[in-house]
Number of protein chains: 2
Amino acid sequence: MSRKTPKPSAPPPAASPAAGAPRHRGRSPRATGSVTLTDVARLAGVSPITVSRVVNRPGLVSPDTAAHVQDVIERTGYVPNLLAGGLASKRSRLVAALVPSITNGIFVEAVQAFTDRLWDAGYQVLLGLSGYPATREDALVAAVLSRRPDALYLTGINHSAATRKLLLNARIPVVETWDMTPTPIDMLVGFSHEAVGQAVARHLLARGHRAFGLVWADDARALARQRGFMREVSGAPAVRVDVATVPAPSTLTLGRQGLATLLARGTPTAVFCSSDLLAHGALEEARARGIAVPSALALMGFGDLEFAQHTHPALSTVHVDRASIGRRAAELVLARIDGIAQGPSVIDVGFIIVDRGTT
Amino acid sequence: MSRKTPKPSAPPPAASPAAGAPRHRGRSPRATGSVTLTDVARLAGVSPITVSRVVNRPGLVSPDTAAHVQDVIERTGYVPNLLAGGLASKRSRLVAALVPSITNGIFVEAVQAFTDRLWDAGYQVLLGLSGYPATREDALVAAVLSRRPDALYLTGINHSAATRKLLLNARIPVVETWDMTPTPIDMLVGFSHEAVGQAVARHLLARGHRAFGLVWADDARALARQRGFMREVSGAPAVRVDVATVPAPSTLTLGRQGLATLLARGTPTAVFCSSDLLAHGALEEARARGIAVPSALALMGFGDLEFAQHTHPALSTVHVDRASIGRRAAELVLARIDGIAQGPSVIDVGFIIVDRGTT
DNA sequence: CGCAGCTATGGTAGCGATACCAGAGGCGAG
DNA sequence: CTCGCCTCTGGTATCGCTACCATAGCTGCG
């Protein structure tokens, strides 16, 4: 207990939150007005490093000292400066997550799960919105890396050469999500969109459908599902497929328009939509036109959003455990940061076809 | 723009003798392996401060020098370190936004608009998820402030004394949102939830309803709407109100259950739900029971989410310009950071009652 | 011709924290 | 009584960047 009473030159006691007190010479040329670790140390009569330990690794400090320092911290309202801490330690305790959009519900659950898990481990998540065509991804990755995150979460696996180079240079754990590839940048948690397309095609073919319509958004993952679907149906005889492409992001209204387009050009017996939102729109359009679902027209979506089980009839779709993607991505990242896991990791979370009332 | 194809063999920090070279003595005790501003300066034959200017304030540097430095930056793959920059300049170019949840669609559009606007102004947004009962808000505010954000966006106006103290000590612009009060911490963009409740009450009273049911989530803003509703109907004669409370966050399923609860206890002619999601659930429940909407039962929601105009009948609700809240919050924050605006600002964005098919 | 008043650039001194290693006690063992 | 080891604490040297001020050329004006 080598604790000393504050030195005579100590700044005014706890009355004022110790703001703007001169520190070095007669005047402080760049006073900030906020309490620093050094201020706390002086008031507590210990060295700065001890205060740092109380905050970050309490186990290394004796209970008495810790309690006293903690008391001073609370009295002064000291808030550590992680910019300085991160600079000195090279650990920002920040993890960046890049998502196309948060207004589209499909990705947010994964991000929320990812964030929750990392928060519990002492990390904060910096969210970057890359926009739908991922136009901003390069700039966003650069901007985000300038904060020196300890790891990066990416949505999707399609990244420009410039982005990949930035990521490799950064030498931090990177987890890609929502897709599947044998050659991830680093780690990967997702599922095969082609397999989804194939599975849905098999499902609909087995029900006897041959005249297909697709209402399809033009983003990369949706197109992968389309490829899988196309490949599978192309093996069957007498199959016709018409595609109504709509711009991402999907909306219910675009779904209505998409079905309208298909019906203007032909009479599909089964329509597969690239998302539940589009399928919901198509369902509305069918209802508005008096088309019986599923007897005259079968409908399938993708995503299994909450509303899917509450439409009339309830929407058949493809279920993906979205929260699990975020959770497992977080686990991978943490294992890598802690140095437990080395080398690439790929996790396929799979998917389930949910057969409800529209097929 | 880019004069050279970024060859993979270009001086990556690893093997390059220049980039990661020892700096001070014979060996660099804490070499990081990443390119620093000083490295770029040495390679370009200019001083560090000039490189800093090229990156941050290109106007101050002659075009020739700028081009040359820019070239070196691209060749080396230099990524500025904003931890260091923020520490030195006391501007983190980070703005924190605290939201209860992003899986609940109601808040995300405002956040997205806020983020987009600030991105254009050179800021990044750090998203903090406070959880629904705001249990984590104190810890979250402290954690977020340790990154020294230049401003803070809060959802709601109910904050603990500890939180308020932290915010005041931080001395940064704070904008609260989604609510209205004469005494904001700093700035405020929102609308009066009590006024919403009153307006809906007047609307339903005018249609002759006297037997009301509420399916209500137990969060603070929802309760403010309830107070407004109660106050207004209490002025009318022969009115009965029954409330089925459900835990936040709202879901469609909870809406179904909520209406079931009300119907087990009485026969309301009009049910007002604290959110569109709950109202959608109530609508489903009514359909399942064969109750005619709106003739036997009128329904209203709140929020005007996209699906509201596509239910059957289309959902009457209260519309709020959510994106506008985020956009205007961003404008306030930027004006304050730039020192243009001083003193408190309060913006009431209002709301609109949307009368569709369920009333 | 001399002196402002630019513009373009550089030197110095931190910002607030942590890494690294050293040192001071305390305590049981030889 | 001395040694070795463990626990707790402190001193020093950075981390990578920018604020602040100084300086060197140059232009234009009286």
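A, B, ... follow the sequence lines: proteins, then strands. Residue 1 opens every chain.
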Checklist line | the helix from C:dC1-D:dG30 to C:dG30-D:dC1: angle between end helix axes, five pairs per end, rounded to 10 degrees | finding: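 Both end axes considered, the difference amounts to 50°.
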
Using the side-chain heavy atoms of [X], tell me which of these nucleotides is nearest: [options].
X: B:Y78; options: C:dA17, D:dC17, C:dG10; answer: D:dC17
X: A:A88; options: D:dG11, D:dT18, C:dG16; answer: C:dG16
X: B:R53; options: C:dG16, C:dA17, C:dG10; answer: C:dG10
X: B:S62; options: C:dA19, C:dT9, C:dG10; answer: C:dT9

Next item on the list: Report yes if a donor N or O on one partner sits less than 3.5 Å from an acceptor N or O on the other, where the partners are the side chain of B:R148 and the base of C:dG16; otherwise report no.
Entry: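 No, no donor-acceptor pair under 3.5 Å.
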
Notebook entry, point to check: Starting at NE2 of B:H68 and ending at P of C:dA8, how long is that distance when rounded to a whole Å?
Noted result: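 Rounding to the nearest Å, NE2 of B:H68 and P of C:dA8 are 18 Å apart.
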
Notebook entry, point to check: Starting at CG of A:L37 and ending at P of D:dG11, how long is that distance when rounded to a whole Å?
Noted result: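 Going from CG in A:L37 over to P in D:dG11 covers 14 Å.
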
Checklist line | Touch class at under 4.0 angstrom, heavy-atom based, for A:P48 against every strand present | finding: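 Result for A:P48 = nothing.
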
Note to self: Both B:T65 and A:N56 contact DNA chain C. Which one's nearest nucleotide lies toward the 5' end?
What the structure shows: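 It is B:T65 whose nearest nucleotide is closer to the 5' end.
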
Check: How do B:A66 and A:R57 order along DNA chain C: which one's closest nucleotide is nearer the 5' end?
Finding: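 Mapping each residue to its closest nucleotide by heavy atoms, the 5'-most match is B:A66.
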
Check: Restricting to pairs with a member in residues 144-161 of chain A, which pass salt bridge (charged side-chain N to carboxylate O under 4.0 Å, His left out), not counting sequence neighbours?
Finding: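 Pairs touching residues 144-161 of chain A that pass the test: none.
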
Notebook entry, point to check: Could A:R42 and A:D39 be called an ion pair, given the rule that one side-chain N must be under 4.0 Å from one carboxylate O?
Noted result: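 Looking at A:D39 together with A:R42, the answer is yes, because their closest N to O distance falls below 4.0 Å.
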
